[in-house]
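Report on the structure given below.
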Amino acid sequence: MSCDFECLSCDAANYKLMEKARNEKIETVWDRAEAMQPQCGFGEMGLCCTNCAMGPCRIVKVSEDGPKKGICGADEDTIASRNLARSIAAGSSAHSDHGRDIAHALYHAAKNPESGYKVKNHKKLISLAKEWGIDTENQDIKDIAANVAKTALEEFGKPFGNLRFIQRAPEDRKKIWNKMNVTPRAIDRDIVEVLHSTHIGCDADYRNIMTTAIRAALSDGWGGSMIGTELSDILFGVPEPHEIEANLGVLKEDEVNLVIHGHEPTLSEAILIAVNDPELIELAKKQGAEGINLVGMCCTGNEIAMRHGIPMAGNFFQQELAIVTGAVDAMVVDVQCIMPALSQVAKCYHTKLITTSPKAKIPGAIHMQFNEEEAIESAKRIVKEAVMNFKNRQGNIFIPQEKSKGFVGYSNEAIINALDKVTNSTAHPSGTVKPLADAIKSGVLRGAVAIVGCNNHKVLHDKGHVELAKELIKNDVLVVTTGCGAYACIKAGLMSKEARGLCGKGLATVCELVNIPPVLHMGSCVDISRILLLLSELAKFMNVDIKDLPVAGAAPEWMSEKALSIGTYVVASGVYTMLGVAPQVTGSDNLTRFLTNDVKDIYGGYFDIESDPKEAAKKIISCIEEKRKILSI
Ligand code: SF4
Ligand code: MSK
């Protein structure tokens with residue numbers, strides 16, 4: 001590496017591990033990023049097409065010479081928009097397939113006692129059943145759960161009509177979607193349509209390609225992701241605020257360390273039950289360990305932190321470093337954001353990398369299929385593998401001391417409850433967003449921003465999230481966060497109550513009164529659907545559309561196709577969205593203009609790109625103030 005570790009990450013827990021990795025000749029994401037330079041200019045601009053075997057075709061943009069069209073005649077607009085649309089479809093498919101797996105788990109909870117799953121939140125189940133017109137009178141709770149699960153599964157491939165959750169959006173939003181023909185119909189159908197229409201010789205009109213892609217993205221936010229979140233709450237409980245620890249310092253020298261990494265709570269919830277099994281704890285003690293230490297990584301870590309207080313070990317860029325500690329006895333993974341490089345790193349230590357999903361196997365890892373039909377038994381077999389590996393620890397173990405504390409678990413229900421507790425409930429019906437609307441209208445809170453998404457070597461690790469959050473709270477803007485952004489914020493202390501000291505006067509007062517930190521942890525990437533619902537409720541309460549609210553979205557370090565899908569459905573839901581990394585579209589001036597300008601007139605939301613967090617904060621605050629002016633508040 002050509003620079004000090006400080007210019008690669010702003011998390012001090014990483015520095016000694018980066019040095020350990022270097023000394024032990026372990027290659028990490030930062031080494032590979034450096035080796036990849038310079039990155040392909042055609043790919044960077046979205047101008048390379050591999051959609052058919054006549055290609056690859058590349059459009060030369062930087063000089064007069066060179067091809068301006070692919071062999072089939074596709075121009076830069078067609079090629080860049082097709083590439084983007086396919087990425088959005090892939091992102092939507094990942095979140096939505098996650099949602100489908102949760103629906104299957106709910107069905108198992110209802111019908112299959114062998115699964116070990118149980119419906120935890122009957123109130124939310126009945127409420128959703130009623131919303132979907134499912135009979136709940138004198139019905140057994142398991143039958144209601146089975147019917148809700150089946151109805152959710154039908155959302156993926158129903159032949160007629162639109163997605164059920166669309167009804168939750170404000171009326172004006174639904175009108176815009178209908179007018180633009182982007183109202184999502186069935187999740188699988190909307191994703192398949194992107195793949196079909198971007199096949200060679202199909203759609204060549206970049207605006208029409210984006211219409212199809214926007215519909216697939218809305219199928220994610222208001223479909224697959226929302227199913228994932230709502231059904232997870234029903235199965236595993238609605239998150240409530242509680243304090244937890246975060247960063248690699250949560251690993252323990254004297255216990256079996258099991259890192260659960262990936263996305264779906266179906267696996268992590270079962271692993272959590274298994275690590276508390278007295279026989280497995282006893283077995284761990286027989287191996288010389290004091291117990292079993294379960295910690296989370298990436299979004300599955302967010303899920304079990306939110307619901308059970310399990311420590312959050314680290315985000316996307318810390319997955320290799322966790323193994324470099326030499327103290328991880330097993331890293332158990334399911335789907336999404338799992339670097340294939342992990343198997344190489346694990347080989348250099350005693351760590352067992354255990355894949356569990358038929359959708360994500362990694363050469364060099366041990367595959368132990370996780371079977372939802374007998375979830376707890378599957379999970380126990382996996383945990384046993386970790387426990388038996390404790391005695392194989394060897395060599396140089398180093399666990400950094402760095403860890404911080406913060407509050408997680410701010411579901412919409414929890415936010416509304418917290419606000420209810422401090423406001424006069426006779427002044428407003430409890431369980432509404434009125435206190436939030438009042439705080440925004442009065443100007444005590446200038447607005448709210450969701451900081452979401454990943455890590456990306458193009459931005460100094462965690463700095464994009466942390467600096468943006470600090471600038472916003474300093475200016476009385478409440479921050480909510482999910483995904484790897486949530487890890488960055490909790491590690492930096494921004495989810496502690498003491499972080500009020502970093503806020504402007506208005507936000508500090510709200511935090512003091514409501515007893516909340518200024519940065520609220522709202523969960524995993526699929527839980528951005530919670531944010532959509534909160535915005536929707538706020539807009540309905542204030543009698544405006546989502547596009548009129550003084551709010552924004554930001555993805556300072558995004559990298560995944562899921563993030564592209566999220567950004568697209570957030571913009572199409574009416575929200576100004578700031579990206580810290582430019583998407584691979586800049587080779588098409590028309591498409592770039594469409595995304596950063598034209599969509600504003602159609603949907604109200606639009607993309608902006610700014611890599612400097614302080615500049616990004618300025619632009620976001622100016623957008624929020626502009627909205628306030630229009631609302632005359
Ligand atoms: Fe080239 Fe057209 Fe085939 Fe793309 S679809 S690879 S531009 S010929
Ligand atoms: S895990 S999608 S790196 S946020 Fe959801 Fe983190 Fe981004 Fe994966």
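Treat the numbers as computed from the prediction; the structure is a model and nothing was measured. All ligand and atom numbering here is 1-based and tracks the order in the structure.
- Here the rule is side chain to side chain contact (heavy atoms under 4.5 Å, CB included) with F317, and of M559, M339, E557 only M339 fits it.
- Close approach of ligand 1 to G55 is summarised as follows: ligand atoms under 4.0 Å from at least one heavy atom of the residue are 6 (S).
- For ligand 1 and C57, the ligand atoms under 4.0 Å from any heavy atom of the residue are 1 (Fe), 6 (S), 7 (S), 8 (S).
- Note on D11 versus K491: salt bridge recorded, some NZ/NE/NH1/NH2 to OD/OE distance being below 4.0 Å.
- Proximity of K562 to ligand 2 is established by a heavy-atom distance of less than 4.0 Å.
- Taking the ring centre of F42 as origin, the terminal cationic atom of R58 falls inside the region bounded by 6.0 Å and 45° from the ring axis.
- Residue C298 has at least one heavy-atom neighbour below 4.0 Å for each of these atoms of ligand 2: 1 (S).
- Residue contacts to atom 6 (Fe) of ligand 2: C525 brings no N, O or S atom closer than 2.8 Å.
- Within ligand 2, the atoms closer than 4.0 Å to a non-hydrogen atom of C337 are 1 (S), 2 (S), 3 (S), 8 (Fe), numbered from 1 in the order shown.
- Of all the atoms in ligand 2, the ones that sit under 4.0 Å from a non-hydrogen atom of M559 are 3 (S).
- Residue-ligand proximity: K69 is placed with every non-hydrogen atom at 4.0 Å or more from ligand 1.
- The proximity of R58 to ligand 1, defined as any non-hydrogen pair under 4.0 Å, does not occur for either the backbone or the side chain.
- The ligand atoms of ligand 2 that sit less than 4.0 angstrom from a heavy atom of C299 are 1 (S), 5 (Fe).
- Remark: the Q318 side chain and the N247 side chain contain an N/O donor-acceptor pair separated by less than 3.5 Å.
- Per-residue contacts place C484 under 4.0 angstrom from the following atoms of ligand 2 (heavy atoms of the residue considered): 1 (S), 3 (S), 4 (S), 6 (Fe).
- Using a 4.0 angstrom heavy-atom cutoff, S524 does not count as in contact with ligand 2.
- Residue G453 approaches ligand 2 through these ligand atoms, each under 4.0 Å from one of its heavy atoms: 4 (S).
- The protein heavy-atom contact nearest to atom 3 (S) of ligand 2 is C454 CB, 3.4 Å.
- Ion pairing between D220 and K562 fails under the 4.0 Å rule for side-chain N and carboxylate O.
- Taking 4.0 Å as the cut-off between side-chain N and carboxylate O, E155 and R100 do not count as a salt-bridged pair.
- One finds no salt bridge joining E76 and K68 here, because no Lys/Arg side-chain nitrogen approaches an Asp/Glu carboxylate oxygen to under 4.0 Å.
- Taking the charged nitrogens against the carboxylate oxygens, K359 and D334 have no contact shorter than 4.0 Å, which rules out a salt bridge.
- Ligand 2 places these atoms under 4.0 Å from at least one heavy atom of H263: 1 (S), 5 (Fe), 8 (Fe).
- Heavy atoms of S560 come nearer than 4.0 angstrom to ligand 2 in at least one pair.
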